[in-house]
Amino acid sequence: MMNQGGEPGAGINPNSSEVNYVGQAHAPSNPYLTSAGPQLWPPPQPPPPQPAPNSWSYRPENSNTHNGFPSNYYYEMQRGASNQTHTQTGPSTTPNMPAQGYNSTPYSTSYQSSTMDYSTGFYGNSYGNSSSLQVAPNQNTGASYQPPFQNSVGHTSSSSTSTTTMSNSNTYYNASGDHQNTASTTPSYQSSGNYYQQASQNYAYPSSNPSYQHQYIQPYYYYNQTAGGPSVGTDATSSVPSGAGHGGSYMGHGGAAGGYSSHPTNQPPPPGTTSWRPDAATPALPPLQGIGATGYQTQYPGQFQAYPPQQPVNSAPALDSLFASNNANQGNILYSQPPNMHVSSTNQFQQASEIPQLPPPPPPPYTVQMPDMRQVQGGSHLHPNMVQMPDTHQVSKIQIPTNPRIAPGLATGAVKVDRGSISTGGLAKPAYVSVSVSKSDTKLASTAEDADKGAFPVSLKAYVERSFARCKTDVQRNANQNQLKEVITKATTEGTLFSKNWDLEPLFPLPSGDSTNTNNRLDSTVFSSLNKEKRKSRWEPIEETPEKKVEPVSNTTNSGPSNTRYNRPEATPKIDGRNWNTMIFVKKKQSNFNNSGRGRFKKQKTNVFIRKPTENTDSSSDSDKERELTKYYSSAISLANSPEEKKKREHRSKRFDKRKMESASPNNSSSIVTRKANAMLLAKSYDDNNGPDRAVEDIDWDSLTVKGTCQEIEKRYLRLTSAPDPSTVRPEDVLEKALEMVQTSSKNYLYKCDQLKSIRQDLTVQRIENELTVKVYETHARLAIQFGDIYEYNQCQSQLKRLYAEGIKGCDNEFSAYHLLHVCLHSNNKRDLLSSMAGLSIQSKQDDAVKHALKVRSAVSSGNYLLFFRLYKVAPNLNTCLMDLYAEKMRFEVVDQCVKHTGPDHQ
Amino acid sequence: MAAFLSLAESQRRIAGYLNRFADAIARQDGATLRPLLAVSSAASLLPLADALSNFSDSSRLVSQSDHIAQFAEILLPLLRSIQSHHLGRFAEAYSSYEKAANAFLQEFRNWETPWAMETVQTIALEIRLLAEKGDRELASSGKSPEKLKGAGSFLMKVFGALAGKGPKRVGALYITCQLFKIYFKLGTVHLCRSVIRSIETARIFDFEEFPVKDKVTYMYYTGRLEVFNENFLAADQKLTYSLARSDPLNMSNMRMILKYLIPVKLSIGILPKMSLLKKYNLMEYSGVIDALKTGDVRLLRQALQEHEEQFLRSGVYLVLEKLELVVYQRLVKKIYIIQKQKDPDKAHQIKLDTIIKALKWLGIDMDYDEGECIVTMLIYKNLVKGYFAHKSKVCVLSKSDPFPKLSGKPVMAS
C-alpha cells in the first residue's frame, strides 16, 4: 500500500490528498487519487504528496476523526452500513452538489479518491491500480474538481469533500491494513471501470463497505463544507445512511449516466434517489460486501439500476430536496432535511440530521470516523472511488469546506478515468481482483450498452434456471413461472432488466404467488424494521446485500463474473477487519464527537435497510408475509445488533473471504462465485437469525458446493471451521486414488483414519454421494471395526445407512449384519434392535452374514454362551471383530453362571 | 357438488359459517364451536367447502364486519384449510390449519374459563389427522414427510398452554395422548419422557382428576413404553389399569391393550385362556401359549417365526423370544415328572442325556455342551433349583420346589 500510494501520490501530488492515495500504493491510481486527495487535503493542509505519508498526513486530518478530530463520524456500525451510507453520501452529495452547485464533480473526485483508498486497502497493488483509475477520473473530471477541492477546505468542499473523503479514505487505508477489504472492492471498481461508468452503482459496490464509509466521510466533509456547506451536510446525511448513501451515490451514478457521468447527473434529483436506493441496498449489502468487494461492486451496478426507480421514490426525492435545500442553506437546511430523507434511508438521514448539528462545526471538516469506511465521501463523489470505503478505518475526518463546485461533470470524467484505472486495478495483485476487474471493466462498459440491445442477460437466464431448480412440484413450477414473468416484466418496465444483477437477485419464495414481490416485501419489512430499530450492526444488512450484490454481478457477468466472485470473498473479510477497526474508532470517536453524529449514523444504517425494500415495496401486498418478514428481520436485526454476534459474523465472513481469495481461480465464472457468496451469506444470516420462514428454501445449496482442485493424494484431516477452500479440496478422481492409497497403505489405523476422514470431508464438501462415497465409508467402517473404534464405526454406519437408503449400491448386507451386531452387543437399545430387525428384507435375511448376526443376537438374548462362541468361530466378514468386543463381557457372565450352577463337586 | 352453486349462495354459506364461528366465541359456546373446526371429520363443512371453491373472495367477507374480522387470523387460514382439505391437498390443508390453530391457541390463552377445551382438543385431534394425511401425501410425492413432526411441536405448545395451574389443566392429558400417538408413529418415543415427567411429577396434576378416557389412553401408552424397556411389572400395572377402565364392549381398544398385556403376563408366568384370545382375535399368541404349556421349544420357535413381522412391528418380539427359557423349564419339569412316576427316588437326578434326547424328538439337535449351557442357564436364572454335575453330566435338582413358579415375577434379567 505504502509503496503504491507513494507512486500514485507522486502522480497525484498536486493534491495533497494524493499522498493519501499514494499511501494506498496505487501507482496508477495514485495520480488520480492523489489528485483527488490533494484536492481535498491540500486545501486544508498540503498533505505530503507521498501516498503513504500523505495518506497518513491526511490522517492527521482524518486523524481528526481518527485521532479525535472534531468532525469524526462514527461509522462503527456503519462498517457494513457505513459503507453503504458512504456510497449514499456520495450520491447524496452529488444531488446536493447539483442543487448547491456542489457539482457532482467534487463527488466524483471524492469517490475516486475513496476508490483509491479502497483499492489500496484491499488489494494493495490492485488498489493502487484501482485508485489510479479513480484518480484518473478525478483528474479528468476532476481537474476542475480538484481545484474545487482545493478551493474548498482542505477537503475541497463538495468535490473537495469527496476528495477529502478520498484522502481520508486513503489515510484510512494506510492506517488500517484492514482496509484491504475496501481496497479489494475498489480494485474491482477500478477494474470495472465500466462498472463505474455504467453506473455509479459500481461505486456503491465498493461502497458497500468502503464506499459507505466514504459516503459518511463525505457527509462530514460536506458538513464541514457546508459549514460551509449544508450541502456537505446533506451529503453527509445521505452518506450517513452510509450503506444507503453509497447505494444512493451509486444509484445516482447508475441512474444518471449509468456511469460516472451519472454521478453528477445523479447527484441532481435522480441521483439522490438513486443514491438512496443504493443505500438501502447497501445496508443489506454490508455483509455481502464483506464477502466480495468486486461482486458487490458489480452487484451494485445492477442494484443501482434497479434501485434507481425505487430509491428515487424514497430517498432520492427527499435527498434531492434536502440537498437542494442544503445547497441553498448550505448544510443547515440540509441537515434538517436529511432527517426527512432518513425516512427512506434512515441511516443516511439520521446522519444528515446529525450532520446539521455537525455543520456548525463544519469548518473543521467533519472527519467522519468511519471505522469501516475509510472515507466514504470520496466515494460518494466517485462512487467508484467509494472503494475508499475500506479507508473508513482511517476514518478520515474530512474537513470539507464547502466545495460546491464539484460538478457532475467531474464525476463523469472520473468515471472514464476510472475505466482506465480499472484496468490497472485489475493488475493489482490478487488474480481475483484483477480478473474481475478487467472483465468487469470491459464487460461493464459493454454490458450496459448491450443490455439495451434486448437480449436477455445471461445472469437472468441463470436466475430463471435457479428459480426453477427449486421447484419440486408442478404447482410450484407454475407459481414460479408466473412470478418470474412478473419479475421480468417489472424489470423490463423499469428498465432494470439488464442492469439488475440477476445473479444476486434473491429468488422469490416459492409457495406464495407473490414471489415477485417477496423481495420487495422483504425489503420493505427490512425498512420498517430498520426504522423501528436502529441497527447496531451492519450485519443486518447482510441479507439484503447478497441480493444487491447479485444484481451487480449480473451486469458484470456480461463483462466478467469472475471479478465479482473474487471481490466478494475478499470484500467481506476486509469489511470485517474494517468493521472492527471502525468499531473501535467509532467508539472513541463517538465519545469524542457529538452525540448527534452517532445518532445519525445509526439511523442511517437503518435507512439503508429500508432502501433495499424500496425497490419492491410498492408491489408487496401480502400483509401476512410482510408481517413475517418484519418479524424475521427485526429479530435478525436484534440478533445482529449484539456485539458478540457482530464479532462472530465478522470473523466468519473474514474466513470466507480469505478462503475465497486463496482458492478462487481466475477461471471460475464470477456468477458462480457470487452465487456462492450469496448463498453463504444467506445461509449465514439465516443461521444467525434462525430465520424461520424462508431460510432453507432460499439458500442455494448447489451454489455452495465446492469443486475441488487439489491434486495431492495425501491430506491431513482438519475439522473445517469455515467454508471449504477449493484449492485444498480434492476432486473425485484424486479421492479415488487417495482411497486406494489408504487401502494399500501399510501404515497404522490412526494414519488411515485420518486420511479417510479427510477423504470423507472432501466428499461431503463437494456433495459427492455415489459408489465412491459408499466405498470410502465402508472402508473406514471396516477399518474402524478391526481397530475397535466404535465411535468412527458409528459415524460411518449412520452415513452408510442413509446412502444405502438412497439406493447407492454397496455391501449393505454385510453392514446390516454389523449394525445388528452392534446394536445387540453394544448399544443394547431394544427399540433400535427391533427396528433394525424389522427393517431387514427377506433377501438380506438370506445373507450369510445377516443370518449369522441374527443367530448371534438370539444367542446373546437367550444367554447361550456356547452358541455365541461357536458363532464367534465361524463368523463371516468382520463379524468376529465386533463380537470380539463383546466376548470378554460374555466370558465374564459365563464364569458367573458356572459358579452358580455347577455342583458341589465343582465348588 | 353436482349442482352449480350460485355465487350468492356460496357467499351466504360462508357468511353463515363466519357468523356461527364468531357467535359461538361470543357466547362461549364450545359445543357449537367445536364442529366448526373439525376440518377433516365434520360432514357439515362440506357445503362450506363447496362454497369456498366457488367464491374466492372470502377474505372480504371476513373483514366485512368487526365481530368477525377480529378473528381473521383464525378464520382466513381456517377457510383455506377447509378448502384445501376438500380438494385433497392435505399438506396445504395442514399448513393452513396450523396457522389457524396457532391463532386460536393465542385466543384460548386469554380466555380464563376452559369453555373452549373441547374445541382445543378437537384442534389437537384434527391437526394430528391432517398431519398424517399430509405426510402420506408428501411421501407419495417423494417429499420428506415432516408435517407430523410439526404437529408434534404444535401440540407441545398447546400442552404448555394447558399445563399450568388452573381449570385448563384437565385438558392436558388429552394433548399428552395425542402427543404419544404422534411420537409412537414417528418412532421418536424418547420424546415422551418429558411429557410423562411433567404429568407424573407435577403436583398440579392429580392423575385421578383427568377424564377416564384420557387416563386409559395414557396408561396404555406408558404401559407400552414399559414393555419396550422390558420393565414387566410396571407394564403389567399400567396396562391392567388401562384394561380395567376400558369399555369391554370396545373390542378394538381392548384388543390393543391385550396385545401388549398378554406378552407381559406371559413373561411373569400368567397364561391367558384360549377363549380370551379368540374373543379378541389375538390368536397369534396361541402358539406361544401352547409352547409354554407343553414345553415344546419347537412350537415356540415356529410361532415366533410365523408372526415375526407382526411381533417385530408391535415390539413384543423380544419379549416373546425371552420366553424360550421358560419353555425349557417346562420341558425339564416334564422330564422330572415322568421320571418321578417311574422312579421317585432318582427323579431329582436328570441326566443331560435325557434332555438332549427329548430335544431331539422335538427336532432340535443339541450336543452335550449346549445342553449343559441351557441347563446351567436355567439354574442361573432361578428357573430351576439345583446344580449341574459337570463330570457326570447330570443335573441334580433341589428336593424342595425344584421348579419355582414365576408367579407374578419376571424371569431374572440376565
Side-chain angles (χ1 to χ4, degrees), chain A residues 471-476 511-512 621-624 627-628 692-693 696 805-806 823-824 828-842 845 854 857-871 889-890 893-907, chain B residues 59 72-73 76-77 89 91-92 95 99 141-143 187 189-190 225 227-230 301 304 308-319 321-325 328 366-382 384 386-392 394-396 414:
Chain A
C471 301
K472 291 169 184 167
T473 65
D474 287 332
V475 179
Q476 280 182 324
S512 66
S621 57
D622 231 8
S623 58
D624 282 359
R627 244 174 267 134
E628 290 176 6
D693 298 328
V696 180
E806 284 176 13
V823 173
C824 78
N828 201 29
N829 183 324
K830 294 287 185 311
R831 268 188 304 106
D832 276 2
L833 185 56
L834 278 168
S835 66
S836 59
M837 283 176 71
L840 289 173
S841 66
I842 296 169
K845 278 181 190 167
L854 286 171
R857 185 207 61 77
S858 102
V860 169
S861 85
S862 65
N864 193 333
Y865 56 84
L866 196 83
L867 186 58
F868 178 85
F869 284 106
R870 279 184 184 160
L871 289 167
K889 195 179 165 194
M890 198 75 177
E893 270 183 30
V894 173
V895 173
D896 192 22
Q897 265 189 47
C898 289
V899 170
K900 196 178 173 191
H901 79 69
T902 47
D905 49 331
H906 292 275
Q907 284 173 343
Chain B
S59 62
E73 291 204 359
L76 288 177
R89 296 199 297 255
E92 280 172 38
S95 305
K99 260 183 214 153
S141 65
K143 275 179 270 181
V189 175
H190 56 278
L225 285 175
V227 175
F228 275 138
N229 299 331
E230 301 193 354
R301 291 186 179 176
L304 279 177
E308 181 180 287
E309 208 178 311
Q310 196 180 347
F311 291 151
L312 279 174
R313 234 184 307 115
S314 62
V316 296
Y317 184 87
L318 297 178
V319 177
E321 195 190 36
K322 284 241 153 74
L323 294 173
E324 194 177 83
L325 272 184
Y328 278 122
M366 215 178 251
D367 60 19
Y368 282 82
D369 287 343
E370 212 168 332
E372 184 180 340
C373 171
I374 301 289
V375 175
T376 56
M377 207 148 33
L378 289 172
I379 298 169
Y380 180 63
K381 302 267 189 189
N382 207 27
V384 171
Y387 66 88
F388 189 82
H390 181 70
K391 271 183 198 163
S392 50
V394 171
C395 175
V396 182
S414 55

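By convention in this document, chain letters (A, B, ...) are assigned in the order of the sequence lines, proteins followed by strands, and residues within each chain are numbered from 1.
Neither the backbone nor the side chain of Leu76(B) comes within contact range of chain A; no heavy atom of the residue lies under 4.5 Å from a heavy atom of that chain. Glu321(B) touches chain A through its side chain: at least one heavy atom from C-beta onward sits under 4.5 Å away, while N, CA, C and O do not.
For the pair Glu324(B) and Asn864(A), the minimum side-chain heavy-atom distance is 4.5 Å or more. Using a 4.5 Å heavy-atom threshold, the side chains of Leu318(B) and Arg857(A) count as touching.
Heavy-atom contacts from other residues, nucleotides or ligands closer than 6.0 Å to CD of Gln310(B) number more than 12. Shown here is Lys889(A), whose NZ atom has no more than 12 heavy atoms of other residues, nucleotides or ligands within 6.0 Å.
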Carefully, step by step, assess Phe869(A) and Asp369(B) under the rule side chain to side chain contact (heavy atoms under 4.5 Å, CB included). CA-CA 12 Å; Phe869(A) 284 106; Asp369(B) 287 343; over 6 Å; no
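Of all heavy-atom pairs spanning Met377(B) and Ser862(A), the tightest one is SD-O, 2.8 Å.
Here CG of Asp896(A) is found 11.5 Å from OG1 of Thr376(B). Values are rounded to the nearest 0.5 Å. Interatomic distance, Phe228(B) CZ to Leu834(A) CG, rounded to the nearest 0.5 Å: 6.5 Å.
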